[in-house]
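Accompanying notes for the structure given below.
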Amino acid sequence: MTTRVDTDLSESDFVGGDGAGESTAESATESGTPAESSATDATAGPTGRTRGGRLTVVLAVVAVLAVIAAALAAWQWRSAAGALDAERAADADRAAAVDVARGYTERSLTYDHTNVDGFFAGVEEGTTDALRERFDGVREVLTQIMTDSQVVASGTVNAATVTAQDGNVYTVKVFATQTTQNLQQPEPGAVPTLLTVTVEKNGDQWLVSDYGADTGAA
């Protein structure tokens, strides 16, 4: 028994097969492109947002540090300015104490037997009550000496400086020269002298609270 195999194949059979393959490949390619793009977008999206967030944080930190640096610089400037103002004020007070001591010394070393009242008015001006009372206590004796000896004297301050300070109390050393003449010494004679003048600041007022020859005691 002989079996017949039909080998007649039409051209359409080959063409159809090839078309189907190409269609399938194109479909696969077209469907793969969006999928790949989506995967890339999904990966790139969070990374971009993360980098942007980090940049924002860095900028915020830089801004805060800049503000802190500016605040510290301003504080340091104010501190330095305050210290400078305080030093200038202290220097001005010392200079004022020296001026008061110089003026008082010149008044105390200058007198004339013909104007004893003027002398006492000068040495009691700008003094504390305690020092004024001391001069009142010796007024009669000094008046007698000046009048009897016909004393004429004048004082000149050569140098003065603050040697100690206790709060608003200043100790000023004054080096001066007093030129005197009297009945026993008609020709004027100059005598150097070292004095200690204590000056106190009371508000805006400066007062001499003590005055006398410097004995060299500490």
Side-chain angles (χ1 to χ4, degrees), residues 70-143 145-146 151-182 185 188-218:
L72 288 175
W75 178 81
Q76 289 175 344
W77 182 86
R78 286 194 297 269
S79 298
L84 181 60
D85 289 343
E87 183 61 27
R88 287 175 176 172
D91 289 342
D93 283 347
R94 285 191 290 268
V98 169
D99 287 343
V100 171
R102 291 175 67 98
Y104 189 81
T105 298
E106 288 183 351
R107 294 198 304 272
S108 70
L109 296 179
T110 301
Y111 42 84
D112 191 320
H113 67 94
T114 63
N115 186 17
V116 176
D117 290 339
F119 165 74
F120 280 102
V123 294
E124 291 183 357
E125 177 187 353
T127 62
T128 59
D129 293 340
L131 184 56
R132 192 178 302 113
E133 290 174 0
R134 281 170 53 188
F135 276 106
D136 286 341
V138 297
R139 181 176 184 128
E140 184 176 350
V141 174
L142 288 178
T143 299
I145 294 173
M146 290 179 187
V151 179
V152 176
S154 62
T156 302
V157 173
N158 303 311
T161 185
V162 174
T163 57
Q165 178 182 354
D166 184 8
N168 289 327
V169 179
Y170 299 80
T171 299
V172 184
K173 299 294 185 181
V174 182
F175 175 63
T177 300
Q178 186 182 39
T179 302
T180 62
Q181 64 184 100
N182 51 47
Q185 184 182 322
V191 179
T193 182
L194 185 61
L195 302 165
T196 299
V197 184
T198 303
V199 183
E200 299 181 2
K201 182 181 181 182
N202 185 8
D204 294 332
Q205 188 177 25
W206 291 89
L207 299 174
V208 175
S209 60
D210 197 10
Y211 172 86
D214 190 317
T215 61

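Predicted model only: the values in this text are computed from it and were never measured.
Taking a cutoff of 4.0 Å between a charged side-chain nitrogen and a carboxylate oxygen, Asp91 and Arg94 qualify as a salt bridge.
Put simply, the side chain of Val208 does not reach to within 4.5 Å of the side chain of Glu124, judged on heavy atoms. Looking only at side-chain heavy atoms (C-beta outward), Asn168 and Asn202 stay at 4.5 Å or farther from each other. Taking the side chain as every heavy atom from C-beta outward, Trp206 and Asp93 approach each other to under 4.5 Å.
Between Ala97 and Val172 the shortest heavy-atom distance is O-CG2, 4.0 Å. For the residue pair Ser108 and Val123, the shortest heavy atom distance occurs at CA-CG1, 3.7 Å. Of all heavy-atom pairs between Leu131 and Asp210, the closest is CD2-N, 4.1 Å. Closest heavy-atom contact between Val174 and Ala160: CG2-CB, 4.1 Å.
Taking NZ of Lys173 as the start and CG of Leu195 as the end, the distance is 9.5 Å to the nearest 0.5 Å. How far OG1 of Thr198 is from OH of Tyr211: 12.0 Å, rounded to the nearest 0.5 Å. Between the CD atom of Glu200 and the OG1 atom of Thr128 there is a distance of 6.5 Å, given to the nearest 0.5 Å. Atom CZ of residue Phe175 and atom CG of residue Asp214 lie 11.5 Å apart, to the nearest 0.5 angstrom. Taking OG1 of Thr156 as the start and CG of Leu109 as the end, the distance is 9.0 Å to the nearest 0.5 Å. With rounding to the nearest 0.5 angstrom, the CG atom of Leu142 is 15.0 Å from the NE2 atom of His113.
Side-chain polar atoms of Gln178 and Thr193 form no donor-acceptor pair below 3.5 angstrom.
In this structure a side-chain-to-backbone donor-acceptor pair under 3.5 Å is present from Gln165 to Gly167. Of the possible donor and acceptor atoms, none in the side chain of Thr179 sits under 3.5 Å from a partner among the backbone N and O of Ala190.
Residues passing the salt bridge (Lys or Arg N to Asp or Glu O under 4.0 Å) test with Asp129, sequence neighbours excluded: Arg132. Residues passing the side chain to side chain donor-acceptor pair (under 3.5 Å) test with Thr180: none are found, sequence neighbours excluded.
The stretch residues 96-107 participates, sequence neighbours left out, in no side chain to side chain donor-acceptor pair (under 3.5 Å) pair at all.
More than 12 heavy atoms of other residues, nucleotides or ligands sit less than 6.0 Å from atom CG of Asp85.
Shown are Val98, Val100, Val162; of these, the side-chain contact (heavy atoms from CB on, under 4.5 Å) with Tyr170 is made only by Val162.
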